[in-house]
Each structure stands twice: as C-alpha cells, then as structure tokens.
Amino acid sequence: MPEGHTVHRLARTFATLFDGQVLRVSSPQGRFADGAAVLDGRRLVASEAWGKQLFLGFAGADRSAAGPSAAGPDTLWLRTHLGLYGAWTFAGAPDAPEVAHAIGAPRRRIGERDSIPSVPGPQVARVTSASDTWEVPAPRGQVRVRLLGDHAVADLTGPTACEVVTPEEKRAVEARLGPDPIRDDGDPAAFVAAVGRSRVTIGQQLMDQAVVAGVGNIYRAEVLFRAGVDPLRPGRDVPAATVREIWDDLVVLMRDGADHGAIVTTRPEHRTPVSPDGAPAPGRTRQNTDGTPGSVPSDQAFYVYHRDGLPCRVCGTPVLVKELAGRNLFWCPTCQP
DNA sequence: GGACCATGACGAA
DNA sequence: TCGTCCTGGTCCG
C-alpha cells in the first residue's frame, strides 16, 4: 500500500496528465458503471490528496464547458482509496508528459518499467492527441475505472474505495481524518494533542488515520526507530516534545517519498555495504525509481521494516517483529527502549 | 490450479 | 479480536 506519499504523487500525476481536459470515464470491469456514467464527459478541474484518500474533481452542471480550472460547489468528486493492493496504471501517447507507469501496490507488473504494450483487439481505440494518434492499450486485469484524456489513460485496479461524492460528502470524509504531514495545512498541534490524550500505544496511534493521515506500516515502523521510541509505549507517556519530533520527521520523510516515489528512511552512513569508491551498492531499487541516479537499493532503504531477524543497522541487535492489531510491527529493542 | 502474501480499513461481536 | 472486502504476483504441487 500505498501510503500517503504515493497518493500525493498520484494527485500530482493526474494534474500533470489530465488537468483541464474533458475525460472519457468508463468501468471496463463493470463494477463502477453507474459512477462512470455520471462522470463521463466532464472536465477534470482538481486533483487533491489527504492522507491515503485521492479526490479528483470534475466540473459540475456545464459538464465539459471550458471555464476556470477550479473546484466549486457543484463539483463532483471521484473519491478513491487504494487499500492494500490497489494501483493506478498509466499509459500515454508519445507526446504525453512522462510519468511513472504504475503507482500503487508494490507489485511487479507490466508497465512498471516500460510502457504498457498495445494489445490489438476490439477494445483498442485510436485517439488523436495533440501531435499524434496513439493506440490506447486494452484494459489489463480487473479495471474498476478508466480515465481517458487527450494523450493519456489511467486505469484503477483493486481499490478499497471508488465512489462519486458531493463537496459536502468530501468534507465529511476529510473531517474524520487527522492532519496530513505532506499537506501544507497539516497541523502538528492536533497530532501532538491526540497522541497525548490516549493510552493507546504510539505504534497503534500512528496507524490511526484519525490521529495522523497517510502513515502506514512502513512509515510507522521507521519513524519510531528514528525517534528511538518503543512502539508499545502508551501515547500519553511519550513526551510531547518527542511526539512533535516524530511529526517533523514524518514531514521530511513523507514529502521526500512523494517527491521521489519511494520510501527511504536510512541515513547514508547506515547503508552498507558501500563500494570503495563510495558508489552505492548494486541491487534493485524500489518501485518507480529504477535507473534514477542516486536511488537507494531496496535492501538498504529501511532500518527495521521487514528486517526481522537481521542485525540492527545501528547497534547490531536482531530486529524484532510482532503482530499487533493484525499488522506486523518491526522494531529494535535496543535502539527503541 | 491453489495457497499464500501484501505499504488498508470497515463492521460486527 | 475477528471476519470481510479489494487484486495479482509468487511459489508450490
């Protein structure tokens, strides 16, 4: 899953590829047929993220009419949530802006490194884009919703949520969410206050979207390691100053994740081995960063996540894992007393 | 072809 | 705390 950084990256991608365009909206799988019919032919006027929620705003009454590219009271919003294994896959015409081709669950799938191959067949449409015509690839897998713009197409598979909501309903969803460290309006005080008023463990509170929006299992484990805090300590027993430091670290880590498309929490001095000339060790890098200069190999990106049994990068103590509330929790008992 | 797994969240009990 | 939903890749027979 896609944690919050992925969703913010998606919001930017939609803005880049589709903002201001009239979109064809369909549901190849059929399970979103009604919603797709409502949105089809409308103009995309907004693309926002709050935590793990993605909101795409479509122009209201005048539908496709050109107008100010801004959301209003009659905007209809497509609300999607990727859940554990949802993903958006993109393909574009030669003249489309270059974007990552698949964003979402960390699966290896066709289209992640190369463009999606065009599949001949009745579902392939020929679209005239600004400078060329291109073959829109057929939907691959269980595509809940497909957005087709002037020079790109986006397919959504496996979402845990996909629905059309009104501005009022959108506000209701946002009202249930805590502050988002990636958003400029993220309020640290609200986070510190929420953690401090509960005896629920800090590890569980970080996964509660009403406490802080966008944090998932990786950021939860990694930020607690970097703060040196035991995940099982009750929130109210963690000093407010430390909780504030955790927020500030989340801001840095998650914005970096949104900018680069991958979660990297290790500091350079804790990544090993490094070749004598100082170049990063070879190996697979994380999703969407293959070939990016300076990208960190996937086995060096984390301190504790999925490293149970391996020696802590800082003190050498074996990293522990324990199932808590149905999710795996990873931590170093020495560095996080 | 089937079991299992994954960065999530909901509701019932 | 448990069951349930969403999908596809991997590994095993």
Side-chain angles (χ1 to χ4, degrees), chain A residues 1-10 27-32 35 49-54 79-89 100-113 116 139-146 155-163 172-174 176-178 180-182 200-201 203-225 231 250 253-254 256-258 260-265 284-289 298-299 301-308 321-331:
Chain A
M1 114 306 97
E3 303 195 18
H5 70 297
T6 297
V7 185
H8 280 269
R9 192 173 174 81
L10 279 167
S27 179
Q29 175 200 52
R31 295 185 53 177
F32 186 63
W50 187 319
K52 299 168 188 171
Q53 309 269 345
L54 175 69
R79 179 183 81 91
T80 62
H81 189 302
L82 294 174
L84 258 185
Y85 35 74
W88 282 97
T89 302
H101 293 287
I103 300 181
R107 286 190 291 274
R108 171 60 55 195
R109 48 188 302 166
I110 292 176
E112 192 165 356
R113 284 183 297 186
I116 296 176
R140 188 168 176 280
Q142 297 292 307
V143 176
R144 186 77 58 88
V145 59
R146 156 166 283 202
D155 286 344
L156 173 64
T157 55
T160 197
C162 177
E163 62 171 352
V173 170
E174 293 170 343
R176 293 197 301 270
L177 298 172
D180 179 344
I182 299 180
V200 173
T201 66
Q204 282 181 273
Q205 291 204 64
L206 282 171
M207 293 283 279
D208 183 345
Q209 301 301 299
V211 171
V212 55
V215 174
N217 209 16
I218 298 179
Y219 283 123
R220 176 259 290 266
E222 296 296 304
V223 79
L224 286 172
F225 177 89
L250 285 172
L253 293 177
M254 295 177 73
D256 179 79
H260 297 102
I263 302 176
V264 174
T265 61
R284 278 205 52 72
T285 53
R286 293 189 60 73
Q287 61 181 116
N288 303 327
T289 62
S298 58
D299 63 356
F302 308 139
Y303 281 108
V304 291
Y305 179 76
H306 266 3
R307 296 196 73 244
D308 46 304
V321 62
K322 156 180 183 162
E323 191 165 314
L324 182 65
R327 307 299 298 278
N328 285 323
L329 172 66
F330 304 88
W331 82 105

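Chain A is the first sequence line, chain B the second, and so forth, proteins listed ahead of strands; every chain is numbered from 1.
- Distance from the side chain of A:Gln29 is smallest for C:dT7 among the nucleotides B:dA6, B:dA9, C:dT7.
- The aromatic rings of A:Tyr303 and A:Phe225 lie parallel to each other, their planes meeting at an angle below 30°, with 60° marking the opposite boundary.
- Closest to the A:Thr157 side chain, of the nucleotides C:dG8, C:dG9, C:dC5, is C:dG8.
- Look at CG on A:Asp308: it is 13 Å from P on B:dC5, rounded to the nearest Å.
- With C1' as the reference atom, B:dC10 and C:dG8 are 22 Å apart, rounded to whole Å.
- Distance CZ (A:Arg176) to P (B:dG11): 8 Å, rounded to an integer number of Å.
- Among C:dC5, B:dA9, C:dG8, the nucleotide with an atom closest to any side-chain atom of A:Arg31 is C:dC5.
- With A:Arg220 as the fixed residue, the side chain to side chain contact (heavy atoms under 4.5 Å, CB included) test singles out one of A:Val223, A:Ile218, A:Asn217: A:Asn217.
- Closest to the side chain of A:His306, from the set C:dT7, B:dA6, B:dA9, is B:dA6.
- One atom, CH2 of A:Trp88, and another, C1' of C:dG8, lie 18 Å apart when rounded to the nearest Å.
- Between the CE atom of A:Met207 and the C1' atom of B:dA6 there is a distance of 12 Å, given to the nearest Å.
- From A:Glu3, atom CD reaches atom CD1 of A:Ile182 across 10.0 Å, with rounding to the nearest 0.5 Å.
- Remark: C1' of B:dC4 and CG of A:Asn328 are 14 Å apart, rounded to the nearest angstrom.
- Phosphate contact (OP1/OP2 of B:dA9, side-chain N/O of A:Gln53, threshold under 4.0 Å): absent.
- Rounding to the nearest 0.5 Å places CD of A:Glu323 at 6.0 Å from CG of A:Asn328.
- Per the geometry, CG belonging to A:Asp208 stands 9 Å off P belonging to B:dC10, to the nearest Å.
- For the OP1/OP2 pair of C:dT7 and a distance below 4.0 Å, the side-chain nitrogens and oxygens of A:Arg144 include at least one atom meeting the criterion.
- The nearest whole Å value for the distance from the CG atom in A:Leu82 to the C1' atom in B:dC10 is 17 Å.
- If you take atom P in B:dC5 and the same atom in C:dG13, they sit 15 Å apart, rounded to whole Å.
- Relative to the side chain of A:Arg140, the nucleotides B:dA6, C:dG9, B:dA9 differ in distance, and C:dG9 lies closest.
- The separation of B:dA9 from C:dG9, taken at their C1' atoms, amounts to 22 Å, rounded to a whole angstrom.
- Rounded to a whole Å, the NZ atom of A:Lys322 is 10 Å from the P atom of C:dT1.
- Atom CG in A:Leu54 sits 9.5 Å away from atom NE2 in A:His8 (nearest 0.5 Å).
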